[in-house]
Trainee: 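One structure coming up, written as structure tokens, with questions to follow.
Per chain, numbering begins at 1; letters A, B, ... match sequence-line order. Just so it is clear, the model here is predicted, and its values are computed rather than measured.
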Amino acid sequence: MAQEDVFKKLVSHCKEYGYVFPSSEIYDGLSAVYDYGQYGVELKNNIKKYWWDSMVLLHGNIVGLDSAIFMHPTIWKASGHVDAFNDPLIDNKDSKKRYRADVLIEEHLAKYEDKINKEIEKAAKRFGDAFDEQQFRETNPRVLENQKKMDQLQERFAKAMNDVNLEELRQIIIDNEIVCPISGTRNWTEVRQFNLMFSTEMGSTAEGASKVFLRPETAQGIFVNFLNVQKTGRMKLPFGIAQIGKAFRNEIVARQFIFRMREFEQMEMQFFVQPGTELDWFAKWKEIRMKWHQSLGFGADNYRFHDHTKLAHYANAATDIEYRFPFGFKEVEGIHSRTDFDLSQHQKYSGKKIQYFDPEMGESYVPYVIETSIGVDRMFLQVISASYTEEILTKEEGSSDSRVVLKLPSVLAPVKLAVLPLVKKDGLPEIAENIVKELRFKFNCQYDDKDSIGRRYRRQDAIGTPYCITIDHQTLEDETVTIRYRDSMEQERVKIGQLTDIIDEKVNISTLLKKL
RNA sequence: GCGGGAGUAGCUCAGGGGUAGAGCAUUAGCUUCCCAAGCUAAGGGUCGCGGGUUCGAAUCCCGUUUCCCGCUCCA
């Protein structure tokens with residue numbers, strides 16, 4: 001089956017079995033927003049718990065934080081989000097290409113510059129040593145003409161950008177007869193602004209309200225709390241701060257199910273280190289994080305690093321951990337060496353000294369930062385697409401049969417076990433109910449006595465329940481039950497009294513953590 | 001934004017002017033059988049939305065909207 005079809009089936013499986021629903025579905029949905037259903041939320045919580053414990057529980061020098069989604073607007077000035085991601089975009093209707101309107105105009109300005117320079121070059125050749133560039137610039141009519149046009153355009157462009165006047169930007173493009181480099185036409189759409197960040201009003205009255213942004217990343221909440229955590233926790237470098245939380249981005253297109261959503265959840269850890277040691281720590285965190293992913297057993301071949309050659313303005317090294325999704329290798333987690341960019345920016349904008357006094361070196365400095373940032377939803381998609389399996393089974397008499405099973409790691413599975421009376425009589429349901437009453441304190445359990453036992457097994461397979469406990473007539477005699485394993489479909493007979501220990505050993509999160 | 005495809009039951013789809021259908025799923029009961037599809041019954045739909053043509057529209061026409069795929073952007 002084509003991978004694309006597998007993905008489609010996975011998406012509808014998620015909806016049909018209570019993992020992921022399209023948001024606001026009864027009102028025709030809301031593009032690129034999804035809700036997690038009864039099993040989805042359990043799986044998501046388990047993923048978050050596994051990440052949190054691997055960071056905060058296992059590292060004495062990493063602590064947690066839960067900073068607010070609303071933050072002071074200046075934070076986004078300092079981080080560069082306000083200026084760097086506010087591009088005015090324009091489309092050419094013929095070539096269907098989209099451009100940044102400001103870039104088109106800047107390129108046009110550069111053309112005037114080129115023309116002037118060419119004039120000067122020509123003149124320089126002609127006049128030889130006697131050439132006076134300054135005088136030439138001031139007197140040559142063609143240079144003056146171009147210079148004047150350029151200055152006027154520059155002025156008009158700067159004003160339009162400052163005023164965020166999108167209509168004026170379009171008018172500039174039209175007036176200067178700027179054409180699409182591909183189609184060569186001037187058939188332009190309106191200029192539209194794509195804001196990365198969602199904004200809202202803070203303050204209940206219209207007059208007193210001020211604009212605040214919904215955070216586009218959790219990282220800044222960590223940076224602005226650096227001093228609070230460092231001082232109150234008496235933290236010594238190197239140390240880390242971890243946070244799980246929602247973030248919001250106005251993506252231009254948002255697609256591929258929960259891979260790219262407008263509202264999503266991040267698990268970020270910012271690790272503060274001594275300047276100069278950051279690349280060693282970068283390498284170390286690459287290794288740690290890859291190990292975390294691979295501990296889930298989805299196959300080492302399905303992961304790779306994608307090192308960035310083009311770095312963001314704040315980074316001096318960056319890599320992605322990519323997973324082989326049904327639609328190709330895609331980023332799940334980013335690891336960035338962010339230098340001291342963020343803390344320095346906040347130091348500058350807030351006017352507060354954000355530094356660490358290093359007792360060994362006897363001096364203060366702005367720490368460097370290694371960031372690990374993983375998308376919860378992408379991780380969810382990784383887990384579920386690695387687990388989704390369609391199997392053809394051959395029965396003993398030769399007929400074939402199929403099943404859909406989510407082979408989720410037991411530790412992450414939403415429902416750990418189902419307790420099933422083989423038949424709905426002879427006191428078997430009562431025994432099953434008693435077992436559920438006992439086990440529900442430790443595990444997410446289900447009881448089911450509807451339909452044939454085979455159907456009930458298949459239902460549990462579809463939601464990824466790793467263990468089914470079946471109560472049969474032998475139970476009445478010797479207090480044993482069978483455990484049926486989801487992946488192998490094999491069964492094992494055990495004492496009722498042993499169930500807690502047997503299951504706990506398999507589903508306890510520490511089983512995974514010990515592998516790290 | 002452009003191009004293409006699609007909206008009929010929870011899911012997969014049929015029906016192309018004349019009473020809204022099937023399979024699976026769901027619920028209740030029967031059956032008691034260790035790996036789906038045994039029996040009986042029930043519930044569930046203003047056929048995406050709005051307008052038009054018509055005695056009559058899920059069906060024809062116009063508009064609109066949502067979703068999916070591709071392109072443009074992505075710290």
Trainee: Return yes if some donor-acceptor pair links the side-chain N/O of K450(A) with the main-chain N/O of R456(A) below 3.5 Å, else return no.
Mentor: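 Side chain of K450(A) to backbone of R456(A), a donor-acceptor pair under 3.5 Å: no, none is there.
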
Trainee: For D472(A), is there an ion pair with R493(A) - N to carboxylate O distance below 4.0 angstrom?
Mentor: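 Salt bridge between R493(A) and D472(A), a charged N being under 4.0 Å from a carboxylate O: yes.
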
Trainee: Can you tell me, in whole Å, how much space there is between the P of A9(B) and that of U46(B)?
Mentor: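 Here A9(B) and U46(B) have their P atoms 9 Å from each other.
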
Trainee: How many whole angstroms separate atom NE2 of H306(A) from atom C1' of C74(B)?
Mentor: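 Between C1' of C74(B) and NE2 of H306(A): 14 Å.
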
Trainee: Given atom CD of E217(A) and atom C1' of C74(B), what is their separation to the nearest angstrom?
Mentor: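 Distance, rounded to whole Å: 14 Å.
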
Trainee: Taking atom P in both U54(B) and C61(B), compute the distance separating them and give it to the nearest angstrom.
Mentor: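 Result for the P pair: 16 Å, nearest Å.
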
Trainee: Calculate the interatomic distance between F213(A) atom CZ and A75(B) atom P; express it in whole Å.
Mentor: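 One finds 19 Å between P of A75(B) and CZ of F213(A), rounded.
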
Trainee: Are the side chain of T465(A) and the backbone of K416(A) linked by a donor-acceptor contact shorter than 3.5 Å?
Mentor: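 Here the side-chain-to-backbone pair does not exist.
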
Trainee: Okay, side chain of D377(A), backbone of E265(A): is any donor-acceptor separation there less than 3.5 Å?
Mentor: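 Side chain of D377(A) to backbone of E265(A), a donor-acceptor pair under 3.5 Å: yes, one is there.
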
Trainee: Is H81(A) reaching over with its side chain to a backbone N or O of I75(A), donor-acceptor style, under 3.5 angstrom?
Mentor: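 Checking the backbone N and O of I75(A) against the side chain of H81(A), no donor-acceptor pair under 3.5 Å is found.
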
Trainee: Report the residue (G454(A) or V423(A)) whose heavy-atom-nearest nucleotide on RNA chain B is the more 5′ of the two.
Mentor: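 Looking at RNA chain B, the more 5' nearest nucleotide goes with V423(A).
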
Trainee: Measure all distances between protein nitrogen or oxygen atoms and nitrogen or oxygen atoms of nucleotides 26-30 of chain B, and list the pairs falling under 3.5 Å.
Mentor:
from   : atom 1 : to      : atom 2 : distance (Å)
U26(B) : OP1    : R459(A) : NH1    : 3.4

Trainee: For the residue pair E268(A) / Q243(A), report whether a side-chain donor-acceptor contact shorter than 3.5 Å exists.
Mentor: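 Per modelled atom types, Q243(A) and E268(A) side chains form no pair under 3.5 Å.
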
Trainee: Only pairs with both distances under 3.5 Å count, Watson-Crick or wobble alike; so what is the partner of G44(B) in this structure?
Mentor: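 Its partner: none found.
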
Trainee: Once hydrogens and angles are ignored, does a donor-acceptor distance under 3.5 Å link the base of C34(B) to the side chain of R484(A)?
Mentor: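 Donor-acceptor pair under 3.5 Å: no.
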
Trainee: Provide the distance between the two C1' atoms, one in A37(B) and one in C11(B), to the nearest whole Å.
Mentor: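 The same atom, C1', in both gives a distance of 15 Å.
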
Trainee: Nearest to the side chain of T482(A), which nucleotide is it out of C34(B), A75(B), U32(B)?
Mentor: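 From the listed options, C34(B) comes nearest.
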
Trainee: Of all the choices, C73(B), U32(B), C35(B), which nucleotide is nearest to the side chain of R458(A) once you look at every atom?
Mentor: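 Of C73(B), U32(B), C35(B), C35(B) is nearest to the side chain of R458(A).
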
Trainee: Could you state the CG-C1' distance from D461(A) to C34(B), rounded to the nearest angstrom?
Mentor: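 For the pair D461(A) CG and C34(B) C1', the rounded distance is 13 Å.
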
Trainee: Rounding to a whole Å, what distance do you find between R456(A):CZ and C35(B):C1'?
Mentor: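 Rounded to the whole Å, the gap is 11 Å.
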
Trainee: Does the side chain of L406(A) come within less than 4.5 Å of Y17(A)'s, by heavy atoms?
Mentor: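 No, their side chains stay 4.5 Å or more apart.
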
Trainee: Using the C1' atom on both, measure C49(B) against A57(B) and round to a whole Å.
Mentor: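 Taking atom C1' in both C49(B) and A57(B), they lie 15 Å apart.
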
Trainee: Determine the Euclidean distance between corresponding C1' atoms of G5(B) and G56(B); express it in Å to zero decimal places.
Mentor: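 Pairwise C1' distance, G56(B) against G5(B), rounds to 32 Å.
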
Trainee: Checking side-chain hydrogen bond (donor to acceptor under 3.5 Å, both in side chains) against E333(A), which of H293(A), R378(A), Q266(A) comes through?
Mentor: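 Exactly one option meets the side-chain hydrogen bond (donor to acceptor under 3.5 Å, both in side chains) with E333(A), and it is H293(A).
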
Trainee: Taking any heavy-atom pair under 4.0 Å as a contact, classify D472(A): base, sugar-phosphate, or nothing.
Mentor: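 Base: the residue D472(A), judged by heavy atoms under 4.0 Å, touches a nucleobase.
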
Trainee: State which of C35(B), C74(B), A75(B) makes the closest approach to the side chain of R260(A).
Mentor: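 When the side chain of R260(A) is considered, C74(B) is the closest of C35(B), C74(B), A75(B).
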
Trainee: For A58(B), give the paired nucleotide (Watson-Crick: N1-N3 plus N6-O4 or O6-N4; G-U: N1-O2 and O6-N3; both under 3.5 Å), or none.
Mentor: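 Here A58(B) is not engaged in any pair, so there is no nucleotide opposite it.
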
Trainee: Any idea which of C68(B), C34(B), A75(B) is nearest the R249(A) side chain?
Mentor: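 Looking only at heavy atoms from C-beta outward on R249(A), the closest nucleotide is A75(B).
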
Trainee: Which one is paired to C24(B), where only Watson-Crick or G-U wobble pairs with both distances under 3.5 angstrom count?
Mentor: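 Per the H-bond distance test, G10(B).
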
Trainee: Between Y34(A) and F21(A), is any pair of side-chain heavy atoms under 4.5 Å apart?
Mentor: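 No. Closest side-chain heavy atoms not under 4.5 Å.
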
Trainee: Partner of C49(B) by Watson-Crick or G-U wobble geometry, both contacts under 3.5 Å, or none?
Mentor: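 Pairing partner: G63(B).
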
Trainee: For S387(A), does its backbone N or O pair with a side-chain atom of T389(A) as donor and acceptor, under 3.5 Å?
Mentor: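 Yes; judged by distance alone, with no hydrogens or angles, the pair exists.
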
Trainee: Inspect the contact between R455(A) and D448(A) and indicate whether a charged nitrogen and a carboxylate oxygen are less than 4.0 angstrom apart.
Mentor: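 No.
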
Trainee: Hunt down the Watson-Crick or G-U wobble partner of G1(B), both distances under 3.5 Å, from any strand shown, or write none.
Mentor: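 Paired with C71(B).
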
Trainee: Should the pair H346(A) and F223(A) be assigned to parallel (<30°), tilted (30 to 60°) or perpendicular (>60°) ring geometry?
Mentor: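 Geometry flag for F223(A) against H346(A): tilted rings.
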
Trainee: When we call it a touch if two heavy atoms are under 4.0 Å apart, what does I453(A) touch: a base, just sugar-phosphate, or nothing?
Mentor: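 I453(A): backbone/sugar contact only, no base atoms under 4.0 Å.
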
Trainee: If C39(B) has a Watson-Crick or G-U wobble mate with both distances under 3.5 Å, name it; if not, just say none.
Mentor: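 Paired with C39(B), as far as the under-3.5 Å criterion goes, is G29(B).
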
Trainee: Where does G16(B) fall, syn or anti, if syn means a chi angle no more than 90° from 0?
Mentor: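 For G16(B), whose glycosidic angle is within 90° of 0, the conformation is syn.
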
Trainee: Between A75(B), C35(B), A37(B), spot the one nearest the side chain of H81(A), thanks.
Mentor: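 From the listed options, A75(B) comes nearest.
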
Trainee: Taking a pair as Watson-Crick or G-U wobble with both distances under 3.5 Å, which nucleotide is matched to C34(B)?
Mentor: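 Matched C34(B) with nothing under the 3.5 Å cut-off.
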
Trainee: Whole angstroms only, please: what is the CG-P distance between L428(A) and C34(B)?
Mentor: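 Answer to the nearest Å: 11 Å.
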
Trainee: Working to the nearest 0.5 angstrom, can you tell me the gap between S67(A) OG and R215(A) CZ?
Mentor: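 So the gap between those two atoms works out to 5.0 Å.
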
Trainee: Using a cut-off of 4.0 Å on non-hydrogen atoms, how would the nucleic acid contact of Q491(A) be classed: base, sugar-phosphate, or nothing?
Mentor: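 Base contact - Q491(A) has a heavy atom under 4.0 Å of at least one base atom.
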
Trainee: In residues 277-289 of chain A, which residues come under 4.0 Å of RNA chain B by heavy atom?
Mentor: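 Output list: empty, so none.
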
Trainee: Grab the OH-C1' distance between Y457(A) and C33(B) for me, whole Å please.
Mentor: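 Distance, rounded to whole Å: 12 Å.
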
Trainee: Of all the nucleotides listed (A37(B), C34(B), C68(B)), which has the minimum atom distance to the side chain of L422(A)?
Mentor: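 Closest nucleotide to the L422(A) side chain: C34(B).
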
Trainee: Considering only nitrogen or oxygen atoms on both sides, find all protein atoms under 3.5 Å from nucleotides 9-11 of chain B and state each distance.
Mentor:
from   : atom 1 : to     : atom 2 : distance (Å)
C11(B) : OP1    : K15(A) : NZ     : 2.9

Trainee: Between the side chain of S344(A) and the main-chain N/O of D340(A), is any donor-acceptor distance below 3.5 Å?
Mentor: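 The answer is yes, because a donor-acceptor pair under 3.5 Å joins these two groups.
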
Trainee: Starting at CD of E331(A) and ending at P of A75(B), how long is that distance when rounded to a whole Å?
Mentor: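 For the pair E331(A) CD and A75(B) P, the rounded distance is 9 Å.
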
Trainee: Between CD of E278(A) and CH2 of W285(A), what distance do you get to the nearest 0.5 Å?
Mentor: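 One gets 16.0 Å once the value is rounded to the nearest 0.5 Å.
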
Trainee: If you measure from the C1' atom in A28(B) to the same atom in G4(B), how many Å do you get, rounded?
Mentor: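 So the two C1' atoms sit 47 Å from each other.
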
Trainee: Per the atom types in the model, does the base of C35(B) pair as donor or acceptor with the side chain of R403(A) at under 3.5 Å?
Mentor: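 Such a pair does not exist between side chain and base.
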
Trainee: Can you tell me, in whole Å, how much space there is between the C1' of G43(B) and that of U27(B)?
Mentor: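 Comparing C1' positions in G43(B) and U27(B) gives a spacing of 7 Å.
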
